[in-house]
*Asks:* 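Below you'll find the structure I mean.
Chain A is the first sequence line, chain B the second, and so forth, proteins listed ahead of strands; every chain is numbered from 1. Since the model is a prediction, treat every value here as computed from it, not as a measurement.
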Number of protein chains: 2
Amino acid sequence: MIDTATNQTSRSNVSNVLRQAGLRPTRQRVSLAELLFSKGDRHISAELLHEEAVGADVPVSLATVYNTLHQFTEAGLLREVAIDGTKTYFDTNVSDHHHFFIEGENRVVDIPGDGVGIGEVPEAPEGMEIVRVDVIVRVRQKS
Amino acid sequence: MIDTATNQTSRSNVSNVLRQAGLRPTRQRVSLAELLFSKGDRHISAELLHEEAVGADVPVSLATVYNTLHQFTEAGLLREVAIDGTKTYFDTNVSDHHHFFIEGENRVVDIPGDGVGIGEVPEAPEGMEIVRVDVIVRVRQKS
DNA sequence: ATTTGTGCAAATCGTTTGCATCTGA
DNA sequence: TCAGATGCAAACGATTTGCACAAAT
């Protein structure tokens, strides 16, 4: 895995994506992108991604993780999920979908399939346009 | 307005509500409750309420504002609206409804009437039950 | 060579907490 | 009286920022 040659293909794919997003494919960005996008859909906090990176022999500073997450978000590679309170989650699934938030565990999960549709999207107020509709279904362990 | 006699009625109404909620009607709580509930539906942050109180000759500490907002929330007098990570908003409208979030202005507005219905509420995952469904329609100034 | 990114530590912001002091019943 | 409430300042956790150094084109 650490062998550069065997990683050639995967790394250069990532590199191209970054380049197309106008971001220099630096070591850190490439590694973080691989962590983010090689495991299916994820909802991850900066802190957690940082730990993962460090654990994977990719020592990155937390500041860089934050920078990178925001840059990826601007580039449309990630979506910020504002759920609640303290932590910010980044969603690797950029398509139109909604979320369960598991209270107590503080976990975010995609709502599968087309589980929800908003019946009628309301009119935006005077002179406003809708940017996005977020639906968060808060769930808890059944008692 | 500062005359105690003329405020008798309004203040004692608030007092009773607080008492019924199991909260001592202290000076600060009564005053904050009046600020909160005498102007129709509001979406207010702790900081803003604090400024308002101080401006209205009700010097309260910020810590007490936080305490009070949380106590009111537990008592069902307020609802916490999680929009955006950083700030927490408290909604004086406790009934079932959803919100516009005005980006750029960072303002929260109730969605009027029955503007939205969630088409189909999705099944909660295995062993989970739905606590609440939040719909946030993010809007911005039309360009 | 120039531009852009990175790491560190300090700074910031909203919120919470510990504790001594006050207050309402 | 005395449990419960308040105020202050210090503590906190997540995120951001400033700046010297390093890496990418």
*Asks:* Taking atom C1' of D:dG13 as reference, at what distance in whole Å does atom NZ of A:K87 sit?
*Replies:* 9 Å

*Asks:* Examine D:dA23: is either OP1 or OP2 under 4.0 Å from a nitrogen or oxygen in the side chain of A:Q28? Give yes or no.
*Replies:* no

*Asks:* Could you tell me the separation between the CG atom of A:L62 and the P atom of C:dG5, rounded to a whole number of Å?
*Replies:* 18 Å

*Asks:* Can you tell me if the side-chain N/O atoms of A:R29 get under 4.0 Å from OP1 or OP2 in C:dT4?
*Replies:* no

*Asks:* Would you kindly say whether B:H99 and B:D110 are connected by a side-chain donor-acceptor distance under 3.5 Å?
*Replies:* yes

*Asks:* Can you tell me how far the CD atom of A:E80 sits from the CG atom of A:D134, to the nearest 0.5 Å?
*Replies:* 11.0 Å

*Asks:* From C-beta outward on A:V60, which listed nucleotide comes closest to its side chain: C:dT17, D:dT15, C:dG7?
*Replies:* C:dG7

*Asks:* Of the options D:dA14, D:dC8, D:dT17, whose atoms approach the side-chain atoms of B:A63 most closely?
*Replies:* D:dC8

*Asks:* Less than 4.0 angstrom between a side-chain N/O of B:H70 and OP1 or OP2 of C:dT15, yes or no?
*Replies:* no

*Asks:* Is B:R27 near enough to C:dC22 that one of its side-chain N or O atoms lies under 4.0 angstrom from OP1 or OP2?
*Replies:* no

*Asks:* Just verifying a value: how many Å separate B:L32 CG and B:F72 CZ, rounded to the nearest 0.5 Å?
*Replies:* 6.5 Å

*Asks:* Rounded at 0.5 Å granularity, tell me how far CZ in A:R29 sits from CG in A:N67.
*Replies:* 8.5 Å

*Asks:* Please determine, for the side chain of A:P25, which listed nucleotide (D:dA14, C:dT15, D:dT25) has the closest atom?
*Replies:* D:dT25

*Asks:* Tell me what B:H50 touches on the nucleic acid: a base, only sugar-phosphate, or nothing, going by heavy atoms under 4.0 Å.
*Replies:* nothing

*Asks:* Toward the 5' end of DNA chain D, which comes first, A:Y66 or B:T64, by nearest nucleotide?
*Replies:* B:T64

*Asks:* Applying a 4.0 Å non-hydrogen cut-off, can you work out what B:T88 is touching in the nucleic acid: base, sugar-phosphate, or nothing?
*Replies:* sugar-phosphate

*Asks:* Starting from C1' on C:dT16, measure out to CD on B:E47 and report it in whole angstrom.
*Replies:* 14 Å

*Asks:* Among C:dA25, C:dT6, C:dT15, find the nucleotide with the atom closest to the side chain of A:T26.
*Replies:* C:dT6

*Asks:* Should the side chain of B:R24 and the base of D:dA3 be counted as holding a donor-acceptor pair, with the cut-off at 3.5 Å?
*Replies:* yes

*Asks:* Is the backbone N or O of B:V60 less than 3.5 Å from a side-chain atom of B:H50, with the two atoms forming a donor-acceptor pair by type?
*Replies:* yes

